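Following: one structure in structure tokens, then a few remarks.
Not measured: the values here are computed from a predicted model. Numbering of ligands and ligand atoms starts at 1, following listing order.
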Amino acid sequence: MISFKSFSRKLMKWYCAEARDLPWRQTRDPYKIWISEIMLQQTTVAAVIPYYKRWVKEFPAVTDVAKSSLQKILKNWQGLGYYARAKNIHKSANIICSEFDCKIPESAEQLKALPGFGPYTRGAVLSIAFDKREPIIDANVRRVVMRLLALKGHADTSKDNDVLLFLDKVMPQNGNNIFNQAMMELGALVCRSKEPICSVCPVKSFCLAYKKDIQEIIPTPKKRILKEINVAIAVIRHNGKFLIQKRASKGLLADLWEFPGGKIEKGESPQDALRREVREELGVNATIQSHLMNLTHFYTQFRAHLNVFDCEIDSLPQPSDSRRWVALNALQKYPMPSGSAKIVEQLLAEK
Ligand code: SF4
């Protein structure tokens with residue numbers, strides 16, 4: 001029979017001795033914890049550290065986010081992906097400043113009404129910043145509990161009722177800022193998705209998967225098939241400036257700036273695709289001058305192969321809110337998807 005108090009005591013003691021010293025763990029500021037948790041939802045700790053440090057330097061408080069333009073927010077998010085999350089941070093910061101006197105609300109109901117505050121983010125802010133007894137489930141916690149309970153199958157949300165029931169039993173009355181972080185840290189450092197290090201696990205005496213020696217097959221691994229897309233991109237220059245366009249405000253990579261171009265259709269050559277895309281997007285005809293580069297970039301759901309060409313066009317499109325001629329040195333000020341940002345880097349390197 002599991003002793004729930006003993007479980008949380010052992011886990012939290014281990015965390016206090018072994019936890020990594022990460023920049024967002026040096027604060028209880030709910031604003032900074034919110035930002036770090038959103039960033040951590042999409043990439044690794046190592047990748048988040050420079051983004052987080054840059055962000056809190058640029059926007060030390062929620063008021064700085066509310067006062068900033070969306071373009072500046074997106075620029076500081078560039079490369080992290082999931083740009084809708086950055087837009088939600090901007091929207092929520094404005095609501096927090098207009099309705100909550102620039103203070104992050106301490107109530108789950110009030111947080112729930114803010115854009116981007118799903119169950120995980122709410123739980124993280126409430127427990128880590130305000131020490132509320134709120135369970136949180138991320139991929140690490142779900143995997144750890146599935147193993148502790150020897151729950152077989154895929155690690156998906158269908159397991160979350162069981163996970164929540166377990167967490168509710170083992171969570172202490174106080175110290176949830178430590179408890180929740182300890183569960184996630186255990187998953188990251190010890191109960192890893194591949195090759196858990198059970199020999200050093202502080203809660204192995206509670207673990208059913210370990211007892212049955214089935215921890216390696218829990219959860220069932222997912223097969224991930226990454227879609228491949230081929231894209232033709234036009235670098236169009238005029239008087240030392242480059243033509244870029246802003247993507248629509250909804251959908252994939254919304255509101256980011258990029259070079260003209262688009263997907264290569266089946267049976268189409270990159271050159272034909274580029275001429276068609278330029279005609280459709282700009283209403284002008286393109287002549288390809290030279291092949292500039294090929295780049296590959298991994299996005300979350302697909303891998304994009306970018307075929308980049310230097311082009312001339314037969315008439316100049318007028319600048320507008322979503323179309324600009326920009327000098328090479330100024331291109332880096334614009335928030336761009338990683339593929340376009342790589343092209344800019346390459347152009348700057350060749351200058
Ligand atoms: Fe995970 Fe192994 Fe610890 Fe069980 S004993 S929780 S499988 S690390």
Check your understanding: Would you say the ring centroid of Tyr52 lies under 6.0 angstrom from that of Trp24?
Key ->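 Close enough - the centres of the two rings lie under 6.0 Å apart.
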Point to revise | Centroid-centroid distance, Tyr334 to Phe242, less than 6.0 Å | key: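 That pair fails the under 6.0 Å test.
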Check your understanding: Any chance the side chains of Thr220 and His154 put a donor and an acceptor closer than 3.5 Å?
Key ->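 His154 and Thr220 do not have a side-chain donor-acceptor pair below 3.5 Å.
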Exercise for review: Using only heavy-atom distances, determine whether the side chains of Tyr83 and Gln78 contain a donor-acceptor pair under 3.5 Å.
Suggested key: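 Looking only at side-chain atoms, Gln78 and Tyr83 do not form any donor-acceptor pair under 3.5 Å.
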Exercise for review: Determine, for Glu185 against Arg25, whether the closest basic-nitrogen to carboxylate-oxygen distance falls under 4.0 angstrom.
Suggested key: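 Salt bridge present between Glu185 and Arg25.
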Review point. Can a salt bridge be assigned to the pair Arg247 and Glu258 using a cut-off of 4.0 Å between side-chain N and carboxylate O?
Key: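 Looking at Glu258 together with Arg247, the answer is yes, because their closest N to O distance falls below 4.0 Å.
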Review point. If you leave out waters, which protein N, O or S atoms are less than 2.8 Å from atom 1 (Fe) of ligand 1?
Key: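 Near atom 1 (Fe) of ligand 1, below 2.8 Å, one finds Cys191 SG.
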